[in-house]
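Single-structure report; data block below.
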Amino acid sequence: MDAPRANPFPNYLQLRKRLPLPPWIWDVGRVLSVSVLVGFAVLLVARPDTGLVLFWKTVVPVLPLVFFLVPGLWRNLCPLAAANQLPRRVGISKAWNPPAWWKEYGYVLGFAAFFLLASSRKFLFNDDGTATSILILSALAAAFVGGFLLKGKSGWCSSICPVYPVQRLYNQSPAVLVGNTHCDPCVGCTKNCYDFNPSVAYLADLHEEDQYYVGYRRLFAYAMPGFVLGYFLVPNAPVAAPSEILGRMALFAGAGTGLFLAAESLVKLPLHRFTSLAAMGALNLFYLMGLPAWLATLGTWTGIDLPAAVRFGIQGALGGASLVWLVRTWDKEALYRLMTGKQTASQVSPTAAKILGDASRSASGAASGLEVRFEPSGKSFVAQAGKSILETAEAAGLPIESGCRMGMCGADPVVVLDGSANLSPMGEEEKATLARLGLGGNARLACMCKVRGSATISLDRSAADPSTPAEATPGDPSIRSVVVLGNGIAGVTAAENLRKGHPDCEIHLVAREAHPLYNRMGIAKLVYTRGAMEGLYLQPSAWYAERRITSWLNTRALRIDRAAKVVELATGESIPYDRLVLATGSSGLVPPIEGFGMKGTFVLREAEEAMALRAFLQEHGTRDVAVSGGGLLGLEAAYALRKIGQRVVVLERGEWLLRRQLDAAGGELLRVFLANLGIDVLVNAEAASVAGDDRVRRVVLKDGRVVPAEVLLAAVGIRPNVDLARHAGLETRRGVVVDARMRTSDPDIFACGDVGEFDGQIPGLWPVAVEQGRIAAANALGGEVSYAPSVPVTALKVVGLDVVSMGKISASGEGEEEILPPSSGDGRYRKLVLSEGRLVGAILMGHGESTSAVSALSRRKADLSKVREELKAGRWEVLDDLAETAG
Amino acid sequence: MSNPFFDYPEQDSGNSLAALVFLPEWGKAQWDALMQQASVRRFHVGETLVRRGDIDRSLMIVTRGAIEVLIPQGRKGELVAVAVLATGAVAGEQAFLDNLVRSADLVAREDGEAVVIGVDAFDIFAGRHPELAREFLRDLARILSVKLRQANDLISGKV
């Protein structure tokens with residue numbers, strides 16, 4: 001919910017006008033006020049007795065109250081201000097900038113004049129009509145001259161006007177804000193101008209860095225209460241001589257100043273508290289001492305003798321109003337300081353700005369004019385040509401999941417709301433995955449969309465069109481029921497393809513795990529994120545129902561009765577089948593480590609195991625963990641454990657990490673990369689036993705080294721779940737043996753995914769499971785489809801670092817050579833292996849830009865002998881051209 | 001030093017942006033290295049880039065334009081601008097570091113762009129360039145320290 005946005009301290013240009021007054025009203029007011037003042041000047045000479053009482057004892061004493069309550073009204077109507085602004089109004093002002101000394105000391109001159117003139121009332125002006133008249137006319141003339149010479153109000157009103165310091169002291173929190181009507185336009189003539197921003201002008205003065213500037217204001221404020229008191233206590237002429245009056249007034253003002261300075265030195269409060277107390281002290285003293293005389297004067301004019309209660313009432317009300325004023329004035333200081341304490345802002349030097357801007361632009365490449373907009377957040381990013389939507393979203397920290405990064409797992413569906421033509425086109429695998437996800441026309445997989453132009457993408461898959469189920473061909477009527485055991489990607493792919501190939505038969509999907517299909521590659525995240533399974537599910541909840549697939553989650557298949565063609569469940573139920581597809585997957589291999597199974601030992605293959613690990617870490621407040629196995633899963637788990645604050649040691653049996661995918665140099669770079677993330681890797685390290693009392697405390701290695709650890713996570717491989725098949729008498733070795741059609745030794749039983757062993761291989765890879773699931777389904781329905789293992793390209797994201805490895809990773813035989821460009825020194829690595837000049841293998845770490853060209857060329861075993869020198873020099877762009885021309 | 005309440009119309013409003021630049025000593029090579037892991041977000045005037053309470057841990061470095069930091073004030077919770085972040089300034093560092101929700105609203109005051117790097121992307125950056133990551137975090141700490149000093153000054157009442 002958005003809170004209303006407000007500016008607590010609006011300037012006069014932002015103030016809301018409450019009264020729709022026409023502008024000329026103010027001019028009329030000013031003509032009147034100037035006329036009244038000139039009238040006084042005449043009256044004071046013609047009828048001094050009346051004039052003096054009327055001017056000094058009736059009108060002037062009201063002014064402090066006006067400054068206190070509606071200062072803006074006075075700023076607009078003051079006759080001296082009218083005189084000052086007349087030259088600007090009629091366009092004859094020179095509008096010079098005031099000189100530096102004027103800016104510095106104008107205020108001081110003003111308050112010095114105030115003290116001098118106000119003191120002089122006691123021996124001159126109060127009793128001398130002519131002198132007062134001259135004073136008034138001189139002030140009018142001075143204000144006019146100031147406005148004629150200097151710009152804005154800097155010639156009088158906001159500089160040397162003797163009444164200005166008094167106004168500034170009292171006008172800090174007006175009861176009614178009246179906007180400035182003089183300055184159109186504002187010319188910025190005065191620092192911290194009251195007329196510009198009335199609510200904070202005084203605060204701004206006090207928060208200036210220049211301590212002299214602050215000091216002038218503080219001095220005036222502190223002098224005022226003593227001065228006011230002195231005005232009423234020091235005797236007038238002729239009892240005291242003018243020099244004595246001035247001297248004693250100065251003593252009063254000085255004593256007051258001293259008291260406030262002493263208080264300020266002793267009491268730890270902001271300066272603003274003291275100046276505002278001085279302000280209200282002076283104001284209240286003035287009316288405490290002066291009100292009786294003013295009321296008496298009023299009585300002589302009106303003939304009404306007001307009772308003392310009226311006086312006390314007025315004084316009490318003023319005291320109350322002063323308290324309100326103090327609270328309001330103090331209250332806003334914190335907010336003011338907050339809002340001006342904004343040194344968080346920055347203005348970078350022009351060169352630094354250019355470097356930063358250039359870097360961000362060069363990263364976005366030629367396509368910098370293009371945007372990718374992400375909904376529902378509405379965030380727009382500069383399209384970085386060649387980067388996928390997934391990479392763009394990940395770099396920005398947007399909420400998106402990832403899995404195989406090959407368009408096969410379906411962890412990252414997005415919806416293209418606009419600009420689909422600007423994305424790389426959809427391939428067959430992506431299309432199949434989206435169909436499995438039940439997502440139609442406008443959906444894509446983020447990892448497969450390379451950005452070529454502007455697009456709008458929704459990360460909310462519910463914005464997608466539903467897919468239209470494919471036209472089903474009539475199925476074999478002799479097949480009435482197919483049972484699929486296993487709800488992983490192989491099983492779900494098989495079930496989906498079964499339904500596609502057979503619209504009528506019963507399909508039962510029996511799964512030991514309690515979850516519908518989820519992104520198994522993402523389970524390490526369960527260890528360190530708080531979202532639990534959120535985002536890991538790969539299917540909408542209605543998926544099974546829409547395909548009329550009966551799902552049995554959290555259900556254990558107990559036995560396969562091949563003779564009766566029935567799967568018996570541990571629940572006591574049994575399901576008859578005409579065809580059976582085994583997709584029971586694999587479990588984390590429990591290593592032969594002595595003591596494994598003790599509290600604190602874990603394997604990581606299923607979501608429940610990841611969540612149990614997270615729970616264990618919290619329950620025991622562990623600090624040290626060891627991960628046995630430096631494969632992809634082990635490293636992802638190590639990273640996850642590091643992210644949740646554990647000290648992690650990875651135990652790698654071999655001489656370097658990922659020995660099947662990387663050479664020694666690449667493995668070492670990966671080790672350094674992980675060390676930089678705070679993950680230690682021990683090579684040639686194999687756990688022999690775990691030791692501890694009630695739970696794991698340390699891991700003992702085969703060479704005798706001891707690693708302190710409260711958790712040992714084994715990620716040393718997978719163990720196909722073959723027990724059911726073995727008990728049913730099917731041929732099994734490590735996995736269930738299948739032929740190229742995924743058929744087991746029983747022609748009605750098929751196996752696919754991690755549980756199947758084809759040609760002695762159990763790759764344990766997501767794309768393999770998808771392909772085998774499809775083939776098993778087709779053949780189960782009577783098809784004749786064979787599985788052909790694909791080129792062994794491994795594209796991994798090891799803790800965010802792209803690692804691509806294909807074919808031979810090192811030159812070993814006759815005629816083979818390695819092409820190793822100079823190292824970029826930033827943890828990236830690339831290498832090609834040529835045999836007789838032809839590309840037979842490659843390793844790419846952190847070089848995503850070359851991946852597609854290198855894999856295309858390696859599939860063709862392309863001849864690279866002609867570009868050998870360019871490649872050695874690191875100019876691998878030539879590969880893009882080669883891949884394109886040849887393709 | 002300029003005061004935001006007295007940004008007179010004739011003045012260049014850019015003057016009101018004080019200096020507190022993230023990683024001022026970095027050159028092209030360093031920024032290029034960071035950019036390999038980062039995205040560039042584009043924003044338009046008035047757009048809310050970050051909402052208080054959001055779960056989003058990415059860090060932003062303004063490369064063009066200006067962003068206002070708004071926090072709620074008083075009983076009505078009216079949003080007031082307490083800072084302006086201009087080119088070179090860093091935003092969102094609190095959630096980036098403490099894994100909590102966003103502490104303030106960020107609203108674009110001008111059209112502009114910001115480099116955005118998520119926590120996981122930063123980890124990768126740190127893995128590949130530990131020395132740059134150290135400089136990055138150290139300077140982020142410096143900026144937090146400056147802000148902490150300002151907060152201390154506010155609390156002690158001596159600004």
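Residue numbering restarts at 1 for every chain, and letters A, B, ... go by the order of the sequence lines.
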Problem - Set of residues satisfying salt bridge (charged side-chain N to carboxylate O under 4.0 Å, His left out) with respect to B:D123, sequence neighbours excluded - result: A:K643

State, with a plain yes or no, whether a side-chain heavy atom of [X] is found less than 4.5 Å away from one of [Y].
X      : Y      : result
A:R828 : B:Q36  : yes
B:D120 : A:Y639 : yes
B:V116 : A:F381 : yes

Atom group of [X] that falls short of 4.5 Å from chain A, counting heavy atoms:
X      : answer
B:L34  : neither
B:Q30  : neither
B:D54  : neither
B:L132 : neither
B:R57  : neither

Practice task
Determine the option with the most heavy-atom pairs under 4.5 angstrom with chain A, choosing from B:A126, B:G118, B:S39.
Solution key: B:S39

Handout entry: Best-contacting candidate, A:A201, A:P185, A:P10, A:S199, against chain B by heavy atom pairs under 4.5 angstrom
Key = A:A201

Completion exercise
Bottom line for A:Y528: the part with an atom under 4.5 Å from chain B's heavy atoms is side chain

Handout entry: A:A675, part contacting chain B, at a heavy-atom distance under 4.5 Å
Key = neither

Are there over 12 heavy-atom neighbours, none belonging to [X], within less than 6.0 Å of that residue's [atom1]?
X      : atom1 : value
B:R52  : CZ    : no
B:I55  : CD1   : no
B:R134 : CZ    : no

Exercise for the section: Give a yes or no on whether the backbone of B:F43 and the side-chain of A:S380 come within a donor-acceptor separation of less than 3.5 Å. Expected result: no

Practice task
Starting at NE2 of B:H44, measure out to CD of A:E371 and round the result to the nearest 0.5 Å.
Solution key: 4.5 Å

Practice task
Can you measure from CG (A:L669) to CZ (B:R128) and round to the nearest 0.5 angstrom?
Solution key: 10.5 Å

Exercise for the section: Give a yes or no on whether a salt bridge exists between A:K379 and B:D56, defined as a side-chain N under 4.0 angstrom from a carboxylate O. Expected result: yes

